[in-house]
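Structure, as structure tokens:
Note on naming: letters A, B, ... go to the chains in the order of the sequence lines (proteins, then strands), and numbering restarts at 1 for each one.
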2 protein chains.
Amino acid sequence: MEKKETVFETIKTRRSTRNYSDREVSKEDLDMVLEAGRFAPSGGNNQTTHLLVITSQEIKEKIAKLAEKLFSGMEVMPDTYKSMASAILSSKKGGYNFHRNAPVLILTANKKTYSNNIADCSCVLENMMIMANALDLGSCWVNQIKWLNEEPEMLELLYGIGLREDERVYGGLTLGYADTPDGLPSRNPLERKGNEVTFVI
Amino acid sequence: MEKKETVFETIKTRRSTRNYSDREVSKEDLDMVLEAGRFAPSGGNNQTTHLLVITSQEIKEKIAKLAEKLFSGMEVMPDTYKSMASAILSSKKGGYNFHRNAPVLILTANKKTYSNNIADCSCVLENMMIMANALDLGSCWVNQIKWLNEEPEMLELLYGIGLREDERVYGGLTLGYADTPDGLPSRNPLERKGNEVTFVI
């Protein structure tokens, strides 16, 4: 395949993977995903995204349990963002693990006062998702820690694993092999009915 | 080259192109860039990014001139974001065209009240930049219209070309062939000293 077709296919077939096998991600593949993320563009070439790459089972569990505890203490309001409402309701029921125990959980942080923080983190995440797909790895954007960004207990936990006081988490990624018979993620592109294009000719 | 290497190289060699030749972007290539953008993931699969794809020379000029006028009426404050300060100072000097008359200017809009608006637009933009690079096209993220998002005169102009009342622009892209002898964008990756990785093992 030509370069343009390979890249187009990889972008187009990227889908969210929500169930992961235990199979570990090799250091080589993980490094390639992280390098792809680090090479995302940043506002004014600031390069202030900070990636927390969590493979420790203990820390992954601590984060999931604390998130569940914090969400279960929240109420769904009429204007609560749909996906956040679902996190709250699932947490109240119990047994909610937002990262589905994926082998790797990556949190993308950036400076709290930097106006391009969300945009820069998003480009890092998108690059990592595309690279994961090219490596036959599954991945899924997770926003739960962003929603708990200013919760003192969560901040304390995050400071303990390397987040700096002037940083906050603006997105996250789960990464691993899909829990499918062949270990490959689903790649059947979801139809785009939205993301409309208006031509101004 | 293997798929993973092709994708990695395309991501890693993407650089910002700021000077464009007059050479038109073919409909086929433009459609491929837009499709790559439309296939970006979105929060809860909402697909509410709206792409305004501007090739009209008249509209491109109107937008550039109005942006210059609005920036030139602003003052640089101690906390003004560096790139925005530079837009203000260049506009006061005169002759400032933020899109450098690239053949194509794409504005990415989304719902004003949607909490994932910036993140979703950013993924669309990142996909388009990667796809552009795979097609030997140059591109550059432009934030100027985002900074003028709530200016009544700019809003009026944007409503006239298709922006909806509940939408705002959260990013933009210039697209075209680089003004270089071979028409190819610079592809020498900028060193990543930042975008730090902390492993939590």
- Message: Under a 4.5 Å cutoff for heavy-atom pairs, which residue among Q57(A), K4(A), E35(A) has the most contacts with chain B?
- Response: K4(A)

- Item | Under 4.5 Å from a heavy atom of chain B, the part of Y114(A) involved | side chain

- Give a yes or no on whether a salt bridge exists between K65(A) and E68(A), defined as a side-chain N under 4.0 angstrom from a carboxylate O. no

- Sort I54(A) into side chain, backbone, both or neither according to what part of it lies under 4.5 angstrom from a heavy atom of chain B. both

- Query: Heavy-atom distance under 4.5 Å to chain A: side chain of Y81(B), backbone, both or neither?
  - Reply: side chain

- Item | Contact summary for S21(A) and P103(A), nearest pair of heavy atoms | O-CG, 3.8 Å

- Considering only heavy atoms and a distance below 4.5 Å, find which of T113(A), T13(A), T108(A), N116(A) pairs most often with chain B. N116(A)

- Message: Does any backbone or side-chain atom of N110(A) lie under 4.5 Å from a heavy atom of chain B? Answer side chain, backbone, both or neither.
- Response: neither

- Should K12(A) and E5(A) count as an ion pair when the cut-off is N to O under 4.0 Å? no

- With no hydrogens and no angle check, is any side-chain donor or acceptor of Y20(A) less than 3.5 Å from a backbone partner on T17(A)? yes

- Message: Donor-acceptor check, side chain of N127(A) to backbone of A36(A), threshold 3.5 angstrom: yes or no?
- Response: yes

- Task: Would you mind checking which part of N143(A) comes under 4.5 Å of any heavy atom in chain B, side chain (CB onward), backbone (N, CA, C, O), both or neither?
- Result: side chain

- Who among G162(A), S115(A), S83(A) has the most heavy-atom pairs with chain B under 4.5 Å? S115(A)

- Query: Looking at G44(A), A119(A), S16(A), S42(A), which one has more heavy-atom pairs under 4.5 Å with chain B than the rest?
  - Reply: A119(A)

- Side chain / backbone / both / neither for D79(B) at chain A, heavy atoms under 4.5 Å: neither

- Task: Let me know if I161(B) has heavy atoms under 4.5 Å from chain A in its side chain, its backbone, both or neither.
- Result: both

- Would you mind checking which part of D120(A) comes under 4.5 Å of any heavy atom in chain B, side chain (CB onward), backbone (N, CA, C, O), both or neither? neither

- Please round to the nearest 0.5 Å and tell me the distance separating atom OG of S122(B) and atom OH of Y170(B). 11.5 Å

- Which one of L163(B), V124(B), I201(B) has the most heavy-atom pairs closer than 4.5 Å to chain A? I201(B)

- Message: If I measure from the heavy atoms of chain B, does L34(A) come under 4.5 Å with its side chain, its backbone, both, or neither?
- Response: side chain

- Query: Which heavy atom in E24(A) sits nearest to a heavy atom in Y177(A), and how many Å separate them?
  - Reply: O-CE1, 3.7 Å

- Message: Is K82(A) close to chain B through its backbone or its side chain, or both, or neither, when contacts mean heavy atoms under 4.5 Å?
- Response: side chain

- Message: Under 4.5 Å from any heavy atom of chain B, what part of R192(A) do you find: side chain, backbone, both or neither?
- Response: both

- What heavy-atom pair brings P185(B) and N133(B) nearest, and what distance separates the two atoms? CG-OD1, 4.3 Å

- Segment of F8(A) engaging chain B (4.5 angstrom heavy-atom cut-off): both

- Message: Take a 6.0 Å sphere around NZ of K62(A) and say whether it holds more than 12 heavy atoms from other residues, nucleotides or ligands.
- Response: no

- Note on the structure: Cut-off 4.5 Å, heavy atoms of chain B, and the answer for K146(A) is side chain

- Item | Side-chain ion pair, E150(A) and R168(A), N-O less than 4.0 Å | yes

- With a 4.0 Å cut-off, would you call D136(B) and R187(B) a salt bridge? yes

- Query: R38(B) versus chain A, heavy atoms under 4.5 Å apart: side chain, backbone, both or neither?
  - Reply: both

- Message: What part of M129(A) gets within 4.5 angstrom of chain B, counting heavy atoms only: side chain, backbone, both, or neither?
- Response: side chain

- Task: Kindly say whether K60(A) contributes a backbone atom to a donor-acceptor pair with the side chain of H99(A) at under 3.5 angstrom?
- Result: yes

- Message: Counting only non-hydrogen atoms closer than 4.5 Å, does L190(A) touch chain B with its backbone (N, CA, C, O), its side chain (CB onward), both, or neither?
- Response: both

- Message: Do the side chains of E153(B) and K69(B) get close enough for a salt bridge, i.e. N-O under 4.0 angstrom?
- Response: yes

